[in-house]
J.: 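Sharing a structure below in structure tokens format, with a few things to ask.
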Amino acid sequence: MDSTEDLFVSGLKHAYYTEQRLVDALEELEQTSSNEELRSGFAEHREETEVHIDRIEQVFEHLDADAEAEENPVVEGMIEAHEEFMGKDPGDEACDRFNIAAGQKSEHYEIATYGNLIPMADQLGMDDAADTLEETLREEQDELDTLSEMGEAFDYGKLEASG
Ligand SMILES: [Fe+2]
Ligand SMILES: [Fe+2]
């Protein structure tokens, strides 16, 4: 695990695992949210996430390597935290607020992941791969912006009212 290519492939395997888990996680986020805008936002990003998986497969192809996923404890931890919260039987508003935050955290994580992979692809002379991953990065950033706006607009008064 010394070369840039080794690090790149290892990062790609973690990203592949992450995106696959996020397809299910986004469905969970949608199902446990009440706000319509939030629900449709998660559904939309779930579709984008399917494309993120395809793009990673394309990059594996560029590398002439089989697409392989490597378990990523970071995403497992986020999913666990979500399950734990939902297990406490929170009210609808609290669920929505928690889900906005969960979405923001996963987008930040993905942005860091792609922000790391893209310069490595550049340095490896894999311009096509860098461009492909750049498209995904932009979608993660857009999703983060959308969620952050919703988080900022969230009415915390509702939480107090519902106890
Ligand atoms: Fe993604
Ligand atoms: Fe994402």
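Note that ligands are numbered from 1 as they come in the structure, with each ligand's atoms numbered from 1 the same way. Here the structure is a predicted model, which is why all the values come from computation and not from measurement.
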J.: Could you walk me through whether Tyr17 and Glu76 satisfy the side-chain hydrogen bond (donor to acceptor under 3.5 Å, both in side chains) test, starting with their C-alpha distance in whole Å, then the side-chain angles of each, then the deciding distance to 0.1 Å, before giving a yes or no?
T.: CA-CA 10 Å; Tyr17 182 90; Glu76 288 308 324; 2.5 Å; yes
J.: Tyr16 and side chain to side chain donor-acceptor pair (under 3.5 Å): which partner among Glu68, Glu70, Glu57?
T.: Glu57
J.: Ignoring hydrogens and geometry beyond distance, is a side-chain donor-acceptor pair present between Thr132 and Arg55 at under 3.5 Å?
T.: no
J.: With distance as the sole test, does His14 use its side chain to make a donor-acceptor pair with the main-chain N or O of Ser10 at under 3.5 Å?
T.: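 It does hold such a pair.
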J.: Consider side chain to side chain donor-acceptor pair (under 3.5 Å). Of His52, Glu139, Glu30, Glu140, which one does His45 pass it with?
T.: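 Among the candidates, only Glu140 passes.
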J.: Sub-3.5 Å donor-acceptor pair from the side chain of Asn72 to the main-chain atoms of Thr18, do we have one?
T.: no
J.: Run through the protein N/O/S atoms less than 2.8 Å from the Fe ion (ligand 2) and write them out by chain and number.
T.: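 His45 NE2, Glu107 OE1, Glu107 OE2, Glu110 OE1, Glu140 OE1, with waters left out.
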